[in-house]
There are 2 protein chains.
Amino acid sequence: MSRHSPAKRESLLHAALELFAEQGFAGTSTALIAKKAGVASGTLFFHFNSKDELIHALFQDVRARIEAHLRASLAADLPLPERFASAFAGLLHYFLDHPAEFKFVEQYHFSPLCARQDEPYRDHSPLRAILLAAREKGLVKDAPILVLEAVAFGPLVALAKEHANRQTPVDESMVRQTIAACWDGLQSRHCAV
Amino acid sequence: MSRHSPAKRESLLHAALELFAEQGFAGTSTALIAKKAGVASGTLFFHFNSKDELIHALFQDVRARIEAHLRASLAADLPLPERFASAFAGLLHYFLDHPAEFKFVEQYHFSPLCARQDEPYRDHSPLRAILLAAREKGLVKDAPILVLEAVAFGPLVALAKEHANRQTPVDESMVRQTIAACWDGLQSRHCAV
DNA sequence: CCATAAATTGACTGACCACTCAGTCAGCCT
DNA sequence: AGGCTGACTGAGTGGTCAGTCAATTTATGG
């Protein structure tokens, strides 16, 4: 029973990820994906009913990897500010280390394929919980969650995009400065040394 | 002599903007653009040599409109913090008011058509000058310009994207809160009531 | 060792694509 | 008037696309 022998399926997903990141969904033909994966063009449609279904499956795949990485960089026992820094820096590092996955997710998020409800990395994630908890404790500004998320995720995505699209080098100190600035922007103004 | 009678050319650019924002470059056929513009399919290729050239011309068009709006919301005589708030809030308002232009520019920025040098709204813009001046005066953190831009533009883009992709309502107080948080994030930490 | 099923192949199909081009037509100059 | 020009038309062209399917190879179990 098991499921489809996974080797060629994964090879297809991997090839699709790289090509979608480089040339977009519509700019990448199924024939090319198959060729890059080293399988015949028909095999793609044995493992996935359509190109769209392949894209959706790839998204679930990537999302799962991101969430796994996120859980690993989540320091649940630290105080909130450190938990924020650890989690958001972890996410940024993941995107910097996996530019193809980042570009794919951004593209999916933008595309009409992305059903309104399945957010790429925000909704239902522990990151939103951190922001909500910090707001409740008065650590961060009493603003709508949409604003807090924009301030927390925006710079992170901007930096990852710059790195993914232009190969701009981003070193560890820039990551730290960016995450620190996000936290400074979120904080309620009570003075801070 | 003038140039091509502008009526149909502009009609094509306008139709292309809407369709590209909805369905992407590759997902929008030239035949559909012509149909929506109310002209024959061949007319597109009379005004533009290729689909790519149409996209580039549209980008120049949109960029010019954004820069014109930016110049209008630039209060050169105010002190730096107010100048920052005015300029960045102006840009955010423009994107909220023109979601199709925002989606198009984001897409162009991402695409292989976008030559490395022509940045959508950042490079050579007065906004970068504001950040550089503020850093020189010690008003904002002494971080690489890339980090400052990520912190300043990131939340703005995140909010505009949320509004453009999901029709999430964004009111004036959210704009103010977001811009204020960006400035707080940028500031060097010397205390701030 | 064979039978059956599962996985894989690649030639094929009809739809759609960007782009072409021979020709129409309105306006303008003389 | 009549010829000229340049904006405009839309049927046509070669090529590419997602998806199909009959044939073939590979795995499984009796």
Side-chain angles (χ1 to χ4, degrees), chain A residues 1-61 104 107-108 110-115, chain B residues 1-61 104 107-108 110-115:
Chain A
M1 227 295 241
S2 67
R3 49 175 93 288
H4 306 299
S5 81
K8 306 212 166 177
R9 187 180 206 269
E10 277 175 23
S11 181
L12 281 164
L13 287 171
H14 185 255
L17 177 65
E18 309 257 306
L19 290 168
F20 286 154
E22 278 169 32
Q23 330 187 32
F25 298 158
T28 302
S29 68
T30 54
L32 189 65
I33 295 169
K35 187 179 176 186
K36 176 151 186 168
V39 304
S41 67
T43 305
L44 192 153
F45 294 94
F46 175 77
H47 291 283
F48 311 95
N49 290 328
S50 68
K51 188 183 183 181
D52 283 4
E53 207 168 275
L54 162 68
I55 295 173
H56 282 118
L58 181 54
F59 176 70
Q60 299 303 334
D61 213 54
F104 169 76
Q107 211 171 142
Y108 182 85
F110 230 101
S111 84
L113 292 167
C114 173
Chain B
M1 222 281 74
S2 66
R3 49 177 93 286
H4 307 299
S5 82
K8 304 210 168 178
R9 187 178 205 270
E10 276 175 23
S11 181
L12 281 163
L13 287 170
H14 185 256
L17 177 64
E18 308 259 304
L19 290 168
F20 286 154
E22 277 170 33
Q23 331 188 31
F25 299 158
T28 302
S29 71
T30 53
L32 189 65
I33 296 170
K35 187 178 176 186
K36 176 152 186 169
V39 304
S41 66
T43 305
L44 192 154
F45 295 93
F46 175 76
H47 289 285
F48 312 96
N49 288 328
S50 68
K51 187 184 184 179
D52 283 4
E53 208 168 274
L54 162 69
I55 295 173
H56 282 118
L58 181 56
F59 176 70
Q60 298 303 335
D61 213 55
F104 169 77
Q107 211 172 140
Y108 182 85
F110 231 103
S111 85
L113 292 168
C114 173

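Every chain is numbered from 1 and lettered A, B, ... according to where its sequence line falls, protein lines coming before strand lines.
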Item checked: Test log, rule side-chain contact (heavy atoms from CB on, under 4.5 Å), inputs B:F48 and B:L58 -> CA-CA 11 Å; B:F48 312 96; B:L58 181 56; over 6 Å; no
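Separating the CZ atom of A:R9 from the P atom of C:dT8 is a distance of 12 Å, rounded to the nearest angstrom. Atom C1' of nucleotide D:dC8 and atom NZ of B:K8 are separated by 6 Å, given to the nearest angstrom. Spacing between atom CZ of A:F48 and atom C1' of C:dA7 amounts to 14 Å, rounded to whole angstrom units. Following rounding to the nearest Å, B:H47 (NE2) and D:dG6 (P) show an atom-to-atom distance of 14 Å. Remark: P of D:dT13 and CZ of B:F45 are 17 Å apart, rounded to the nearest angstrom. At whole-Å resolution of the value, CG in B:L12 and P in D:dA7 are 14 Å apart. Here C:dT24 presents its P atom at 18 Å from CZ of B:F46, a figure rounded to the nearest Å. When the C1' atom of D:dA7 is taken as reference, atom CG of B:L44 falls 14 Å away, rounded to whole Å.
At distances below 3.5 Å, not a single donor-acceptor pair connects side-chain atoms of A:K8 with backbone N or O atoms of A:H47. Between the side chain of A:S11 and the main chain of A:A37, a donor-acceptor pair closer than 3.5 Å is present.
Expressed to the nearest 0.5 Å, how far CZ of A:F104 lies from CZ of A:F59 amounts to 7.5 Å.
The side-chain hydrogen bond (donor to acceptor under 3.5 Å, both in side chains) search around A:N49 returns A:E53, not counting sequence neighbours. For B:Q23, the side-chain contact (heavy atoms from CB on, under 4.5 Å) test picks out B:L19, B:T28, B:L32, with sequence neighbours left out.
The side chain of A:K51 has D:dG19 as its nearest neighbour among C:dT9, C:dC19, D:dG19.
DNA chain C lies under 4.0 Å from at least one heavy atom of each of the following residues of residues 14-42 of chain A: A:V39, A:A40, A:S41, A:G42.
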